[in-house]
J.: 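Provided herewith is a single structure, encoded as structure tokens, for subsequent inquiry.
Positions are given from 1 along the sequence. Remember, predicted model here, so these are calculated numbers, not experimental data.
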Amino acid sequence: MTSVITALFGYSIDTIRPFVESLNLTGFKGTKVVIYYNPDNEVKKYLENNNWNVYSIPENKYHINLERFKEIPKVIEKYNLSNDTICFTDIRDVIFKKDPSEIKTNFYIGADIFKPFTQHEWNAKAITDGFPNKLDIIKEEYPLCAGVIIGNGALLKNFFTDCFSISIQSLYSNLVEWCAVDQAAVNILAYTKYKDTFQYPKLEDKIVFNTANRPIKDAVELDGYYIYHQYDRNEIVKNYLLN
């Protein structure tokens, strides 16, 4: 079985509707869980009406991009998902085009850009800001995007526990406001402790399309992917999906 897990803080129904309804349209039948911080009753009702299990948390200590790493292992335990394939995603800027149950992988994270860290300033800085001694270890790898992570439930339970653990020991000055700690932790662990189980991303995988750093000339390049992330950052991608 495949399950989808996401996390939510502060977004309206209209903002999350493309995510919720696109997953419905794929015919997905697995377990769906949203980790919902400071929940709004109307949004919660909308999610429940769309067959989401709402795991409510009144408040968060850290920014949600870090806090969710602490809660995902608890969700996997609570809903008995250790034997499932977990598809963990962002919610605001993700659209599903095909049923994620069809994705066969033990552990996959799509590339943020198909260039090494040494050739992408933002991703390199994301590492050095919080983990200055780690960039040299992974500098020739592709930066991975933390917005969509897919893998075996038991494995991801350990992976996200480790992500949270190293994140709160990082050198970022502020973990309450947004910083790139999630992206950094995911990359460091995937390419070190979890490198023997991690499926290295390739351009031809057609699993997740991370839009932010991908040059796009026309919609033909977009065909065939299961999941589109950051779709609202490019008008070609946005029109392809929403029209």
Side-chain angles (χ1 to χ4, degrees), residues 3-10 31-39 53-92 94 105-110 112 117 123 125-135 137-138 141 143-199 208 229:
S3 300
V4 173
I5 300 176
T6 190
L8 172 61
F9 178 84
T31 300
K32 299 183 290 189
V33 185
V34 58
I35 302 165
Y36 195 178
Y37 296 90
N38 191 21
N53 297 284
V54 179
Y55 183 87
S56 297
I57 301 175
E59 58 185 6
N60 50 301
K61 180 178 179 180
Y62 302 104
H63 191 277
I64 185 175
N65 73 332
L66 169 57
E67 186 86 18
R68 58 189 180 171
F69 289 163
K70 182 175 69 173
E71 300 302 331
I72 296 167
K74 299 176 186 177
V75 165
I76 292 172
E77 187 74 23
K78 176 179 173 64
Y79 294 97
N80 299 312
L81 305 179
S82 291
N83 294 323
D84 282 18
T85 296
I86 303 294
C87 180
F88 165 74
T89 78
D90 289 348
I91 190 168
R92 182 191 60 79
V94 167
T105 181
N106 190 53
F107 186 24
Y108 181 84
I109 310 170
D112 189 46
F117 280 94
N123 275 292
K125 189 175 186 299
I127 302 292
T128 56
D129 281 354
F131 304 94
N133 63 334
K134 297 296 185 182
L135 181 60
I137 300 170
I138 63 173
E141 308 290 0
L144 307 171
C145 184
V148 180
I149 299 173
I150 306 166
N152 168 265
L155 186 152
L156 289 190
K157 181 179 174 182
N158 292 329
F159 178 74
F160 286 120
T161 298
D162 288 339
C163 283
F164 182 76
S165 179
I166 73 165
S167 292
I168 61 174
Q169 298 173 47
S170 69
L171 299 182
Y172 294 102
S173 60
N174 186 351
L175 295 176
V176 177
E177 303 296 328
W178 184 89
C179 69
V181 62
D182 57 335
Q183 188 103 330
V186 163
N187 275 275
I188 290 165
L189 286 166
Y191 286 127
T192 56
K193 183 175 180 178
Y194 290 84
K195 65 180 180 180
D196 292 335
T197 51
F198 173 58
Q199 179 184 336
V208 55
H229 179 219

J.: To check you understand the geometry: which heavy-atom pair defines the closest contact between Pro73 and Thr161, and what is its length?
T.: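 Smallest heavy-atom distance, with atoms named: CG-OG1, 3.3 Å.
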J.: Of all the heavy-atom pairs spanning Ala184 and Ala126, show the shortest one and how long it is.
T.: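 Nearest pair, atom of Ala184 first, then Ala126: CB-O, 3.6 Å.
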J.: So, for Ala190 and Ile109, which heavy atoms are closest and what is the spacing to 0.1 Å?
T.: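 Between these two residues, the closest heavy atoms are CB-CD1, 4.1 Å.
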J.: Are side-chain heavy atoms of Pro132 and Leu171 found at a separation under 4.5 Å?
T.: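 Pro132 vs Leu171: side chains touch.
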J.: With sequence neighbours left out, write down each residue that passes ring pair (Phe, Tyr, Trp, His ring centres under 6.0 Å) with Phe69, or none if nothing qualifies.
T.: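 Checked Phe69 against ring pair (Phe, Tyr, Trp, His ring centres under 6.0 Å); matches are Phe160.
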J.: Any side-chain to backbone donor/acceptor pair from Asn187 onto Leu144? Under 3.5 Å, distance only.
T.: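 Yes, because the side chain of Asn187 sits within donor-acceptor range (under 3.5 Å) of the backbone of Leu144.
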J.: Would you indicate whether Asn174, at its atom CG, is surrounded by more than 12 heavy atoms from other residues, nucleotides or ligands within a distance under 6.0 Å?
T.: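 Enclosed.
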J.: Could you tell me the separation between the CG atom of Asn152 and the OG atom of Ser82, rounded to the nearest 0.5 Å?
T.: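 Here the interatomic distance stands at 8.0 Å.
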J.: Could I get the full list of side-chain contact (heavy atoms from CB on, under 4.5 Å) partners for Asn38, not counting sequence neighbours?
T.: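 If we apply the side-chain contact (heavy atoms from CB on, under 4.5 Å) test to Asn38, skipping adjacent residues, the hits are Phe9.
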J.: Under the side-chain contact (heavy atoms from CB on, under 4.5 Å) rule, collect the residues that match up with Thr192, sequence neighbours excluded.
T.: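 Only Ile137, Ile138, Ile188 meet the side-chain contact (heavy atoms from CB on, under 4.5 Å) criterion with Thr192.
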J.: Quick one: side chain to side chain donor-acceptor pair (under 3.5 Å) partners of Asp112, sequence neighbours excluded?
T.: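 Scan of Asp112 (side chain to side chain donor-acceptor pair (under 3.5 Å), adjacent residues dropped) gives Asn123, Asn213.
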J.: Hey, are the side chains of Leu189 and Cys163 touching, using non-hydrogen atoms and a 4.5 Å cut-off?
T.: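 Leu189 vs Cys163: side chains touch.
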J.: Working to the nearest 0.5 angstrom, can you tell me the gap between Thr85 OG1 and Leu155 CG?
T.: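 If I round to the nearest 0.5 Å, the distance is 10.5 Å.
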J.: How would you list all residue pairs meeting salt bridge (charged side-chain N to carboxylate O under 4.0 Å, His left out) that involve residues 80-92, not counting sequence neighbours?
T.: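 Of all non-adjacent pairs touching residues 80-92, those that pass salt bridge (charged side-chain N to carboxylate O under 4.0 Å, His left out) are Arg68-Asp90, Arg92-Asp232.
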J.: Closest approach of Leu175 and Ile168, non-hydrogen atoms and distance?
T.: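 Heavy atoms only, the tightest pair is CD1-CA, 4.0 Å.
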J.: Mind checking ring pair (Phe, Tyr, Trp, His ring centres under 6.0 Å) for Tyr194 and listing every partner two or more places apart, or none if nothing turns up?
T.: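 Phe159.
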J.: Taking side-chain contact (heavy atoms from CB on, under 4.5 Å) as the test, write out the residues that go with Thr105, two or more places apart.
T.: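 Per chain and number, Thr105 pairs via side-chain contact (heavy atoms from CB on, under 4.5 Å) with Ile103, Tyr108, Ile150, Gln199.
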J.: Sorted by first residue and then second, give each salt bridge (charged side-chain N to carboxylate O under 4.0 Å, His left out) pair with at least one member in residues 143-166; sequence neighbours left out.
T.: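 Counting only pairs at least two positions apart or across chains, the salt bridge (charged side-chain N to carboxylate O under 4.0 Å, His left out) contacts touching residues 143-166 are Glu77-Lys157, Asp162-Lys193.
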J.: From Ile127 CD1 over to Phe117 CZ, what is the distance, rounded to the nearest 0.5 angstrom?
T.: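 Rounded to the nearest 0.5 Å, the CD1-CZ separation comes to 4.5 Å.
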J.: How would you list, by chain and number, every residue that makes a side chain to side chain donor-acceptor pair (under 3.5 Å) with Lys134, sequence neighbours excluded?
T.: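 Once residues adjacent in sequence are excluded, Lys134 has no partner under the side chain to side chain donor-acceptor pair (under 3.5 Å) criterion.
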J.: Is a side-chain N or O of Thr6 found less than 3.5 angstrom from the main chain of Thr89, in a donor-acceptor match?
T.: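 Yes, Thr6 side chain to Thr89 backbone: donor-acceptor pair under 3.5 Å.
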J.: Just how far is it from atom NE2 of His63 to atom OH of Tyr172, taken to the nearest 0.5 Å?
T.: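 These two atoms lie 13.5 Å from each other.
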J.: Quick one: salt bridge (charged side-chain N to carboxylate O under 4.0 Å, His left out) pairs with a partner in residues 166-180, sequence neighbours left out?
T.: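 Every pair satisfying salt bridge (charged side-chain N to carboxylate O under 4.0 Å, His left out) with a residue in residues 166-180: there are none.
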J.: Can you tell me how far the OG1 atom of Thr31 sits from the CD1 atom of Ile76, to the nearest 0.5 Å?
T.: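 Output value for this atom pair is 12.0 Å.
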J.: Do you know the tightest heavy-atom contact between Ile86 and Gly153?
T.: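 That closest heavy-atom pairing would be CG1-CA, 3.6 Å.
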J.: Where do Ile166 and Phe131 come nearest, in terms of heavy atoms and distance?
T.: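 Nearest pair, atom of Ile166 first, then Phe131: O-CE2, 3.4 Å.
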J.: Kindly write out the residues that satisfy side-chain contact (heavy atoms from CB on, under 4.5 Å) with Lys70, not counting sequence neighbours, or none if the list is empty.
T.: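 Per chain and number, Lys70 pairs via side-chain contact (heavy atoms from CB on, under 4.5 Å) with Glu67, Lys74, Phe164.
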J.: How long is the straight-line distance from CG of Asn65 back to SG of Cys179, given to the nearest 0.5 Å?
T.: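 The SG atom of Cys179 sits 6.0 Å away from the CG atom of Asn65.
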J.: Of all residues at least two apart in sequence or in a different chain, which pass the side chain to side chain donor-acceptor pair (under 3.5 Å) check with Asn158?
T.: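 So Asn158 forms no side chain to side chain donor-acceptor pair (under 3.5 Å) with any residue.
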J.: So Leu81 and Leu156, do their side chains get closer than 4.5 Å, heavy atoms only?
T.: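 They are not in side-chain contact.
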